[in-house]
Amino acid sequence: MLHIEKLTKRFGDKIAVDAANISVGQPTMIGIIGRSGAGKSTLLRMLNRLSDASEGTIQFEGEDITSLRGAAMRDWQSRCAMIFQQFNLVPRMDVVSNVLHGTLNKRSTLATMFNLFPQSDIHKAIEILDRLGIAEQAPKRAEALSGGQQQRVAIARALMQDPKIILADEPIASLDPMNAQVVMQSLRTIHEEDGRMVIANLHTLDTARRYCDRVIGMRDGRIVFDGTPEQLTTGVARDIYGAGADFSEAATSTEIETLDRQKVIA
Amino acid sequence: MLHIEKLTKRFGDKIAVDAANISVGQPTMIGIIGRSGAGKSTLLRMLNRLSDASEGTIQFEGEDITSLRGAAMRDWQSRCAMIFQQFNLVPRMDVVSNVLHGTLNKRSTLATMFNLFPQSDIHKAIEILDRLGIAEQAPKRAEALSGGQQQRVAIARALMQDPKIILADEPIASLDPMNAQVVMQSLRTIHEEDGRMVIANLHTLDTARRYCDRVIGMRDGRIVFDGTPEQLTTGVARDIYGAGADFSEAATSTEIETLDRQKVIA
Amino acid sequence: MLDATLGGSTPITVDSIQSSYTAQVKRRRLYGGLTLLIFVLLMVSGFNVADDRNAGGFWDGLHQIGDYPADVLSEAWEKRAELPGLVAKYFPALVETINIAAVSTLIGALGGLFLSLLGTRGLAKWPRLIPLFRRISDIMRAVPEIVIALMLIFVMGGGPVPAMIAIAIHTAGALGKMFSEVAENADLKPVEGLASTGATWSQRMLLGVLPQVAPNYVSYSLLRFEVNIRASAILGFVGAGGLGYELRNAMAWGPGRFDEAAAIFILLFGTIVFFDQISSHYRNRLTEGQGQ
Amino acid sequence: MTTADLTLTKEHAANLFRRKRLIGFSIPAVIAVYFIYIFFAFDLPGLAQRASLEKAVTLFSDSWSHKVHVTRNNRTGEIDYAVEGERKGRYPEGERPDWVTGDEIITIDLGADHIVRYLPNNRTEVEIPGFPMIEVQAEGRSLTTNLPADLPDWISASKRRIGITTPEGRITLTGARTEVFNYFPGWELFWFTLDSPYHGHGVTEILFGEQLDPSRSNVAGAVTDWWNNKMWRHRDVAWAIGETILMAFLGTMGAAMLALPLAFVAAKRFSPIMVVRAATRRVFDFVRGVDALIWTVVLARAFGPGPLTGALAILITDTGTFGKIFSEALENVDQKQIEGVTSTGAKPLQRYRFGVIPQVVPVLLAQILYFLESNTRSATIIGAITGGGIGLMLTQAIQTQKDWEEVAYYIVLVIAMVMFMDWFSGWLRAKLIGRKD
Amino acid sequence: QDISEFRIGILGGENAQDRMNSYQCLADYTTETLGVETKLFAPADYNGVIQGLLGGTIDMAWLGASAYAATYLQDPEAVDPVLIKVNVDGSIGYHSIGFARADSGVTSLDDMEDKVFGFGDPNSTSGYLIPSIEIPQYKDGVTMESGEYFGEVKFTGGHEQTIVAVNNGDIDAGVTWADAQGNWEDGYNSGALRKAVDAGLIDMNELVQIWKSNVIPEGPIVLRKALPADVREKMTALVDGLHERDEECAYGVAAGETLGFQPVTHDTYVSIVEARKAKIGG
Ligand SMILES: Nc1ncnc2c1ncn2[C@@H]1O[C@H](COP(=O)(O)OP(=O)(O)OP(=O)(O)O)[C@@H](O)[C@H]1O
Ligand SMILES: Nc1ncnc2c1ncn2[C@@H]1O[C@H](COP(=O)(O)OP(=O)(O)OP(=O)(O)O)[C@@H](O)[C@H]1O
Ligand SMILES: [Mg+2]
Ligand SMILES: [Mg+2]
């Protein structure tokens with residue numbers, strides 16, 4: 001159903017994603033790993049059409065995604081939800097409104113301006129929040145929630161889109177282990193119960209191993225590994241992370257986390 | 001040489017320093033410890049005459065400090081330098097200018113209005129900076145320096161005053177351990193080489209023990225301990241900090257530090 | 001810098017630092033002195049030129065400074081009994097002045113909103129046209145209201161509308177700049193989040209940007225409203241209706257109508273101060289909670 | 001969550017949205033109602049009826065074009081050729097534009113086969129393609145013509161006056177005068193008036209060609225003639241712009257120098273006496289509230305018209321504004337620096353100099369430079385009232401109703417001037433604030 | 001005492017066209033005659049010149065009759081009228097002309113009941129003072145208060161604005177100035193209408209005259225009384241002889257063909273002063 005061919009993204013001289021080929025036949029939960037700067041986010045952003053590919057094609061159920069423009073592109077985005085590391089909610093608005101933003105593609109600007117969301121959508125939003133266990137937070141402002149709760153709101157927004165694919169760009173990188181687990185579990189459940197495809201950038205090997213059916217490893221823009229979690233041995237991981245013999249999984253995972261933190265602060 | 005008698009400071013109902021008595025016969029390095037709000041800063045500020053005492057007297061070499069007014073008071077301030085936790089430099093001016101502020105009391109107002117200082121003072125300032133190991137920073141703006149360097153500039157400004165006493169209000173609370181050590185060592189050296197009296201508020205017991213000849217403990221505005229570092233046992237410390245049996249030195253020291261940090265941010 | 005040497009390094013270094021610093025101080029004094037000199041020269045010669053090109057000299061006229069207000073005030077004092085009546089008489093003109101200011105602020109703020117969104121990197125709908133929208137707002141800002149007002153008065157005749165349009169144009173430009181400074185600092189994460197759901201540009205702006213910038217925008221608009229009340233009064237002077245028009249006529253008539261001038265002046269002054277206070281009160285409240 | 005709870009939550013959410021919708025609707029509604037009120041209060045329907053687009057078009061086309069008048073005085077029979085019909089634009093004796101030919105019969109070729117002929121005995125023929133030849137005879141105060149009774153709307157005719165307006169030019173005929181206006185794009189005479197030997201010569205010709213005026217070198221002569229151009233008055237315009245900027249500069253800087261010490265008096269931190277503080281603040285409010293315009297009128301009696309009066313008006317108002325801004329900046333100074341300086345035994349003035357000034361200077365400088373730009377605009381307006389600078393030239397050009405190309409020229413200059421000051425103050429700000437004390 | 005400079009004020013609107021430029025030759029002659037620097041000032045409106053004369057910052061100006069009256073009323077000791085312009089036909093006056101759009105159906109003041117009437121500048125003689133006194137004399141019941149006889153009475157700000165306003169239909173009729181010589185269809189020989197015609201802004205076929213005032217005396221050239229006597233004499237002589245000396249210059253100063261200037265005294269304006277006093281007070 002999803003075929004990515006020779007997908008490339010250049011920023012000036014820098015090649016962020018280098019002729020990536022991925023082919024997925026049926027809804028799968030895919031984890032993408034790789035060290036910081038490997039091109040994971042860029043790949044996902046091209047999939048969602050938040051940025052344009054420099055070369056190559058993305059096909060979804062026969063449709064050429066890369067060539068979509070205007071309304072057709074936005075329609076694709078509504079079918080392909082995205083979850084961000086920093087949640088990217090509207091912090092000053094309440095949780096239900098944030099979830100309802102998942103339906104924006106179907107609503108006119110005028111309707112949005114006057115908050116004319118149908119009653120049924122509002123109810124559906126609450127049900128989704130309930131499914132994710134945060135229905136009580138519905139009337140609160142998004143900024144008043146904890147990180148884990150905010151990320152679940154973001155997932156709720158994604159579900160509200162009723163998407164075929166959910167993309168998640170390091171969804172748990174800003175969360176503590178407890179919340180990280182809740183969020184990953186939610187994604188897994190969605191995948192299993194609703195049969196949606198989930199592609200998640202992950203920065204810890206163990207998470208990828210634990211929750212994903214298939215793991216893709218990137219390094220310097222290239223796909224250097226594509227296989228099942230079982231095939232992802234420490235040696236392969238060492239390759240992906242370009243680490244020396246002193247590579248230990250635990251260390252790497254925290255190291256990358258530290259780098260991410262720094263990026264956030266900078 | 002320094003005799004403090006029944007020194008009291010009231011802010012409205014609140015008694016910040018409560019009838020403090022201290023007597024120092026010869027140049028000593030004194031550390032004052034106590035938890036946040038104990039009255040340490042207030043005591044030092046009264047000594048420097050940044051704030052007036054409500055009651056009691058300060059005598060230095062027979063002179064009554066508390067009753068000084070106007071020019072005489074400023075003259076005292078020039079003999080009694082003060083170093084602050086936040087350095088209190090003029091961040092937009094260069095390092096040498098900041099050091100030269102130590103001579104303001106001796107120079108005519110008119111000349112200083114145009115930032116005119118004698119050549120000899122400039123040379124002396126740079127020598128002092130050299131003594132503190134930061135001569136290369138001389139032409140930079142103070143704000144461009146690291147915290148440790150800024151505190152050394154503040155010490156240089158104090159030395160420029162050629163004071164009898166140097167007061168230091170938590171001089172290392174905003175510094176990392178490495179820089180803290182450099183600054184404390186500088187103060188100690190000044191005390192030893194120049195024979196100046198140094199009174200420093202400190203928030204960690206170990207620093208007080210390591211650098212001071214005499215430690216004064218304050219609690220709720222009162223002096224509850226006055227003795228040598230050796231006499232400062234964990235039990236006494238527990239008293240000073242008003243902590244329970246679960247008191248551990250390390251924990252306390254960080255705890256106080258955290259509190260200070262919060263104050264700075266707020 | 002972690003070496004804790006207090007013993008001092010080699011004297012040569014200190015010497016060279018001393019001399020280079022002294023040189024730097026000399027240079028700085030020289031530049032400072034030159035800047036000061038140029039400034040003083042500009043001020044003095046500028047004053048002399050202005051004094052020379054003025055009909056009356058500064059020093060000759062200084063003692064007469066109170067003559068005109070004295071004339072006006074003494075007449076107004078004589079006829080003080082009529083003042084309340086006159087204030088009431090000119091109240092409708094005041095309303096017109098305020099209306100001009102309010103409408104033009106509203107329209108200008110809307111225009112500024114679009115200019116700022118279209119002219120800010122990261123938000124613009126057509127990123128390539130950003131320079132265009134910036135230039136447009138620069139030009140709109142640069143045109144003094146009086147220019148447009150005079151031209152429009154010419155085409156449409158006097159009245160509030162030319163003033164309204166003129167002020168609105170300038171306001172749009174001025175607010176466009178201030179707004180886009182705020183918008184530049186806006187957090188783009190929500191915008192991206194909305195973009196990923198397939199929201200249109202207007203939806204992204206409406207939901208992602210506006211809630212963030214609204215307090216600042218409203219605060220700037222209030223400030224502008226203050227400014228526009230003055231502008232609308234001034235434009236009255238050139239025929240654009242409202243209180244300024246009445247004031248100009250009363251002043252042109254001269255003695256005999258100075259009481260009217262005084263009444264109008266009281267209204268105008270009172271209004272300006274009133275809206276000044278109100279708006280600064282609300283502006284403070286709006287920007288208060290933003291510190292964190 | 002139980003089903004009951006969930007229903008409740010849904011109910012709450014629905015209520016929330018009803019509330020939001022209400023607010024969402026009511027704000028635009030209030031604004032819309034206000035606009036409707038304004039629509040009628042400002043009599044927009046009437047205005048729309050009255051405002052003539054045509055005139056706007058005329059003005060606009062006049063602003064980038066010029067016209068040459070060919071006027072026959074029907075009493076004396078003399079014919080005049082003048083740009084914009086002005087004395088200063090008159091063709092020198094014996095010269096005339098090359099689209100006018102003939103001696104007995106003067107043929108004026110307006111282009112596109114529009115031809116006007118001045119015949120002897122005050123007769124005039126007008127040839128316009130697609131329309132029968134128009135013949136007019138002027139006699140005393142009245143005109144006799146061969147015009148049909150049913151006229152197209154580009155001809156306005158009465159017994160005493162005929163006006164013909166075509167895209168190629170305009171012709172008016174009355175008993176006393178017959179006049180043809182021929183329009184051309186561009187600002188004729190912008191560089192040189194007709195009496196200058198350099199008129200009609202290109203840049204290269206003047207720079208490298210042969211000497212046009214035996215008594216002067218080409219460049220010097222051309223610059224002088226351009227600078228003293230009587231029609232466009234470049235020298236006066238340059239002076240006027242200089243005067244406007246001067247007013248803004250003197251006013252802004254003077255106000256800043258006056259406001260700084262006063263701001264200390266008005267700032268809580270530095271002025272312990274409440275009454276003094278409050279009084280100073282009220283003074284600020286007063287001078288600001290009165291507005292520069294009214295100060296201009298007040299000062300005009302004492303100082304007469306001219307740039308100084310304008311500068312003083314700006315100075316007075318801005319002293320209030322700066323006083324307020326500066327004192328707010330002073331109240332927000334960082335106490336730590338002052339304390340640091342105080343602890344060394346510095347005297348009060350020294351405390352201000354080193355503890356306060358370095359902190360506030362960047363803020364003040366930024367404000368002052370910002371006002372410099374905005375005062376350039378105010379100075380334009382004030383100049384229009386107090387008599388000086390480009391503002392006066394502009395308003396006069398608009399009010400005397402002709403020469404819209406001059407109006408356009410001044411507008412371009414004003415905008416350029418303000419944008420220049422905007423750029424300049426930004427540049428200076430970057431230069432100064434980036435520097436050490 | 002001596003003077004260090006001589007300042008000439010120039011009025012906009014009614015009588016001055018090209019202002020500064022046309023006066024430059026006079027300024028040059030003045031410098032030559034008095035031996036001091038001469039400056040020209042052109043404030044934006046009547047009030048500016050009046051204030052300048054009152055405050056002693058302007059020494060000479062050519063005022064409108066009403067502006068002179070205003071100056072006189074504020075301070076009788078401020079200025080003296082010395083000279084007045086003589087028209088080509090030897091007269092020393094002009095007229096205030098009431099006019100309306102031809103297609104409005106208004107042909108006389110009788111048709112103006114409940115309609116909008118426009119004045120120019122309040123300090124203008126022909127644009128306000130004289131019509132405001134003479135129009136109510138037209139017949140019983142006519143007053144100049146808004147809403148009594150006329151539906152509304154407005155000030156447009158100046159002659160030019162009045163013409164535009166009438167032409168546009170913003171107001172139903174207005175007053176402006178003209179010499180009332182020559183032909184209506186040309187906008188008369190000189191005056192604000194003529195200028196508008198020349199500029200192509202109006203078509204006289206579309207306008208009709210509905211009212212004309214009695215002759216209004218031209219405004220005087222005034223000199224400040226505080227000036228030294230010899231300065232006053234010299235300046236009077238200079239302007240008086242300008243026409244003979246330099247016709248081109250006189251054309252510029254007088255803003256049109258004239259026979260030059262002739263002496264005048266305050267007496268010529270007594271009635272105008274009275275009128276203004278009655279009208280405005282002060
Ligand atoms: N907008 C941009 N302009 C220029 N270079 C960019 C841009 N976005 C990403 N890059 C570069 O492209 C490369 C891939 O970046 P990307 O964000 O996709 O990496 P990543 O694998 O997601 O890393 P991280 O774990 O840090 O998020 C990096 O080298 C980055 O510097
Ligand atoms: N200006 C003031 N006005 C009112 N109360 C004050 C003032 N300054 C200090 N206090 C109070 O006096 C008490 C002693 O304060 P002081 O700053 O001397 O404590 P400290 O021992 O230095 O504590 P810290 O470690 O937090 O600096 C505190 O309770 C404080 O709240
Ligand atoms: Mg990434
Ligand atoms: Mg303290």
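Each chain gets a letter, A, B and so on, in the order the sequences are listed, and its residues count up from 1. Worth saying up front: this structure is predicted, and the values here are computed from it rather than measured.
Atom CD of residue Q24(E) and atom CG of residue D236(D) lie 8.0 Å apart, to the nearest 0.5 angstrom.
At a 4.5 Å heavy-atom cutoff, the contact between F181(D) and chain E is made by side-chain atoms alone.
The most heavy-atom pairs under 4.5 Å with chain E, out of G304(D), A302(D), G163(D), A300(D), come from G304(D). Contact tally against chain D (heavy-atom pairs below 4.5 Å) for V49(E), T57(E), N205(E): the top residue is N205(E). No other option in L54(E), I50(E), N167(E) has as many heavy-atom pairs under 4.5 Å with chain D as L54(E). Of all the listed residues (M204(E), K39(E), E206(E)), the one sharing the greatest number of non-hydrogen pairs under 4.5 Å with chain D is M204(E).
For the salt bridge (charged side-chain N to carboxylate O under 4.0 Å, His left out) test, residues two or more places apart in sequence or in another chain that qualify with R377(D) are E373(D).
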